[in-house]
Amino acid sequence: MALRVEDYMQWPEIEALEYAECGSPETVLGPRMIGRSHVLVTALLRDADSVKVKVSDTEKEYKMEKMDEIGYYAVLIPAKKIPDYHFVVKKGKKQEEIPDPYAIEHQIDGLDMNRFNNGIHDTIYRKLGAHPMAVGGVKGTYFAVWAPNARAVSVVGDFNAWDAVSHPMRFLPDAGIYELFVPGVGRGEIYKFRILDSTGKEVLKADPFASYAEFRPRTASIVWDSDYKWDDKKWMEARKKWKVKKEAMLIYEVSLAGFCKPKDTDVEEKEAFCNYRDIAPALSKYCEEMGYTHVELMPVMEYPFDGSWGYQVTGYYAPTSRYGTPDDFRYFVDHMHRHGIGVILDWVPAHFPKDEHGLARFDGTCLFEHFDPRQGEHPHWGTLIYNYGRPQVVNFLVANALYWLEEFHADGLRMDAVASMLYLDYGKNDGEWIANIYGGNENLEAISFIQRVNDKIHARKDGTLSIAEESTAWPQVTGRTSDEGLGFDLKWNMGWMNDYLEYIRTDPLFRKGRHGMLTFSMVYQYSEEFVLVLSHDEVVHMKGSMYTKMPGDRKDKFASLRLTYGYMAAHPGKQLLFMGQEFGQEREWSEERELDWNLLEPVDGEMSDNERLRQYVSILNSFYMAHPAMYVDDSRPAGFDWISTLDADRSVIAFVRKCKAETLLVLCNFTPVSYEDFCVGVPFAGKYKEIFNSDAVEYGGTGFVNPRVKQSKKVKCDGRPNSLECKLAPLSIQIFNCTKTPQKSSKKSAG
């Protein structure tokens, strides 16, 4: 009895294809054996006029029969095993050969699935997402997405007129992954995943692993295949020898949206963005002039809402298209490295927004977030919290951290909002959160995740580092994970920042009542490895700029800024300053406009106050870099000594910064009162030369300086046997180089 194609049609499943509801299209598409002598080959080719199967080794062609108006074709081929074959597709006068997507081997094998299911696939981004490749000599793109609870998934885009029927994806039940190779799709094609979710709702989702995305407000993903050639080998090799505890770090925090805007454009300023390639030379040149060692970029991962500044991410694997392509961003990092500037990226694994095209209820279930809103939502941010107890979610995030280090040569990640991850009750009232298994408020799963990320970063042994923005007194944030620490290299010192800003905005007449705010930071200085920060968070949301925080008239404001930045440089800890504050940006920062660079222009033929401050910060940075006592022993008590902490009435503090190479005496006067003969205790008898004074005329000060070397006197002061009399300038920081008087040797005379 002759075999007939129609006898092997699975009409219910074929009908499901017609409505894009077939969750396992491989059951009715592609090849399968019929008995021992024939192979049934089926295809879904919506716009074909005719289709043939061409067997590769024999060159024989078999015409396929159109079985359904949706473009479903089938043919029986005599064969004892499934052969290699192509489709010969005719569309009008055009004919092409394409592979059968449903006959191609899975690009995700059993090992990949096992590692992903267990949350340990560090390069899962090379499997999931969109990856241009060639199969059987035919170019196309391999798509894969994790959506275990979806009823059906299709890849849609301009290449198939956004038709969900055209490219239903194969299901890998062992990993909950849908995948498909689509011939003819290449770099630059836009796409989404059309998901028939667990509730039967049809949604269009951007690719969680997309390496590129459309310019907002459009939300589709874009196929990308990098061909960038890196030229930063010298930097990368030198970075391997980097010792974070001993290194000087001057970090310039930057929003690419606000650092500069294109000049020649008809677009409204808030809608205009410079390209990564244009920003790189301008930013690197400025950082070189200013003496910064690193830039820290506010999040560059794709995000939908400009006003979130990147802290509500939808495209974790995609540099935002606001400034260009992924390779444009590679160029940015490469250029910064070639000019000696490190690049730290803000990274946000704490939460994500509810935008429909994003991760929220991705397959109709709470796939990335917790189901219970008491665990899965930040009520005051309106965002969702990752389920750190799900291995695949942890894998998504850990691999993402490594992705930015590996694929974009980032020098470090600053993890945002760590406190919100550590505490189950963060920002919540009673009844709005669920305790851990021990009844506490610690998020044990998030802690494990953080430790794992940091262990993975340090396992690279390539000089990359991790920094925590953690605003509480959680212990051992920079402690080793083997000692139950979180494993960060550095922690933002939010306590110093809050205390200092509260102190400095106080009228000098009343600062004596808050003197402890200046000294308290040293009580806990050695509990962590700190970065002193005056970040973007302090100059937004009606907080005003650093300039407007300073009391007094304009002259006093600039003097206080010079004092503030000088005190910050002399205090133990790495340094971070948000862009624009180095020249006294007077308006509060906004992402909608570029910095007020016009403030640096001359006023009535004279240098502006803002330009003088900018030059001052540049000189201060150079001074910091030139004096190892300012940084090499930041994390050791041996690098710091208090001289005076009790002079609250005059609002003066004095301390010593030291290392094997040098000893520096630092005086800070936080009032607008000057002293002609100020007495201060010194660490030892010797000569003291003033090598830095923020009140110098060239910085815009009054010129109340100490021009000559001074010899200490054997007069007790500040509990020290020796002291120094000097001029103490108003609202100033003064630094003296200390040279110890040689001890006279006493030799007994020979008898």
Side-chain angles (χ1 to χ4, degrees), residues 212-219 251-287 292 294-316 318-333 335-336 341 343-348 353 355 404 408 410 413-414 416-417 469 534-546 576-583 585-599:
Y212 191 24
E214 284 189 297
F215 179 66
R216 63 97 180 102
R218 296 186 297 273
T219 57
I251 305 170
Y252 190 55
E253 189 189 21
V254 175
S255 159
L256 295 181
F259 180 76
C260 60
K261 292 285 189 179
K263 298 298 184 288
D264 301 321
T265 178
D266 295 329
V267 179
E268 189 178 355
E269 184 177 19
K270 68 179 182 180
E271 294 294 329
F273 301 94
C274 292
N275 188 277
Y276 292 113
R277 293 177 184 264
D278 297 323
I279 300 171
L283 182 56
S284 65
K285 181 181 179 182
Y286 187 71
C287 287
Y292 290 107
H294 293 75
V295 293
E296 180 178 315
L297 304 183
M298 293 166 69
V300 296
M301 301 79 189
E302 194 58 76
Y303 58 102
F305 176 50
D306 290 354
S308 79
W309 310 325
Y311 292 99
Q312 294 190 10
V313 181
T314 50
Y316 274 78
T320 176
S321 57
R322 287 167 174 79
Y323 318 110
T325 70
D327 283 357
D328 290 337
F329 183 61
R330 286 181 170 90
Y331 173 89
F332 173 92
V333 178
H335 184 93
M336 300 301 287
I341 310 296
V343 180
I344 299 167
L345 304 180
D346 277 8
W347 185 55
V348 193
D355 297 67
W404 291 100
F408 293 93
L413 301 174
R414 190 218 62 149
D416 182 68
E469 186 223 11
L534 294 171
S535 74
H536 71 276
D537 279 327
E538 311 320 313
V539 295
V540 294
H541 299 319
M542 306 302 290
K543 296 177 185 176
S545 64
M546 286 295 296
L576 178 144
L577 186 64
F578 182 58
M579 65 179 194
Q581 309 315 305
E582 78 281 3
F583 63 76
Q585 170 95 15
E586 297 176 25
R587 289 193 293 177
E588 184 175 273
W589 173 70
S590 170
E591 81 285 350
E592 294 185 352
R593 58 177 184 261
E594 74 171 15
L595 295 177
D596 294 330
W597 296 110
N598 60 295
L599 294 176

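Since we're looking at a predicted model, the values are computed, not measured.
- Of all heavy-atom pairs between C287 and I341, the closest is CB-CD1, 3.9 Å.
- For T265 against V267, the heavy-atom pair with the smallest separation is OG1-N, 3.1 Å.
- Counting only heavy atoms from C-beta outward, the side chains of T320 and Y276 approach each other to under 4.5 Å.
- Not a single donor-acceptor pair under 3.5 Å links the side chain of E591 to the backbone N or O of G258.
- Between W589 and M579 there is a side-chain heavy-atom pair separated by less than 4.5 Å.
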side-chain contact (heavy atoms from CB on, under 4.5 Å) evaluation trace for R593 with K261: CA-CA 7 Å; R593 58 177 184 261; K261 292 285 189 179; 5.6 Å; no
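- In this structure, the side chains of V333 and V343 come closer than 4.5 Å at one or more pairs of heavy atoms.
- Q312 contributes no side-chain N or O that, together with a main-chain N or O of P353, makes up a donor-acceptor pair within less than 3.5 Å.
- Here the shortest heavy-atom pairing between V295 and I251 reads C-CG2, 4.3 Å.
- A salt bridge links E271 with R216: the closest approach of a Lys/Arg side-chain nitrogen to an acidic carboxylate oxygen falls below 4.0 angstrom.
- Put simply, CG on D355 and OG1 on T314 are 6.5 Å apart, with the number rounded to the nearest 0.5 Å.
- Using a 4.0 Å cut-off between charged nitrogen and carboxylate oxygen, R322 and E302 count as a salt-bridge pair.
- In this structure a side-chain-to-backbone donor-acceptor pair under 3.5 Å is missing from W347 to M301.
- Using modelled atom types and a 3.5 Å distance limit, the side chains of Y286 and E582 yield a donor-acceptor pair.
- Residues W309 and Y303 place their aromatic rings such that the two centres sit no closer than 6.0 Å.
- Atom CG of D278 is separated from atom CG of L256 by 12.0 Å, given to the nearest 0.5 angstrom.
- In terms of heavy-atom proximity, P319 sits nearest to P326 at CG-CA, 4.0 Å.
- For the atom pair OG (S321) and CZ (R218), the distance works out to 8.5 Å, reported to the nearest 0.5 Å.
- The heavy-atom pair separating A318 from A213 by the smallest distance is CB-N, 4.3 Å.
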Trace of the ring pair (Phe, Tyr, Trp, His ring centres under 6.0 Å) decision for F408 with F329: CA-CA 8 Å; F408 293 93; F329 183 61; 5.6 Å; yes
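- The distance from atom CD of E538 to atom CD of Q581, rounded to the nearest 0.5 Å, is 10.0 Å.
- The CD1 atom of I344 sits 15.0 Å away from atom OH of Y252, with the distance rounded to the nearest 0.5 Å.
- Across all their heavy atoms, F583 and L595 have their closest contact at CZ-CB, 4.2 Å.
- Although no hydrogens or angles enter the test, the distance criterion places no donor-acceptor pair under 3.5 Å between the side chain of Y292 and the main chain of L576.
- In this structure a side-chain-to-backbone donor-acceptor pair under 3.5 Å is present from W597 to F259.
- For K543, the NZ atom is densely surrounded, since the number of other residues' heavy atoms within 6.0 Å is greater than 12.
- Using a 4.5 Å heavy-atom threshold, the side chains of E269 and E594 count as touching.
- For the pair S255 (side chain) and M298 (backbone), a donor-acceptor distance under 3.5 Å is absent.
- Under the 4.5 Å side-chain criterion, counting only non-hydrogen atoms from C-beta, V539 is not in contact with Q585.
- The CG atom of D416 lies 8.0 Å from the CG atom of D537; values are rounded to the nearest 0.5 Å.
- Checked against the 6.0 Å centroid threshold, F332 and Y323 do not count as a close aromatic pair.
- Between H536 and Y311, the ring planes lie parallel to each other; the angle is under 30°, not in the 30° to 60° tilted range.
- Using a 4.0 Å cut-off between charged nitrogen and carboxylate oxygen, D306 and K270 do not count as a salt-bridge pair.
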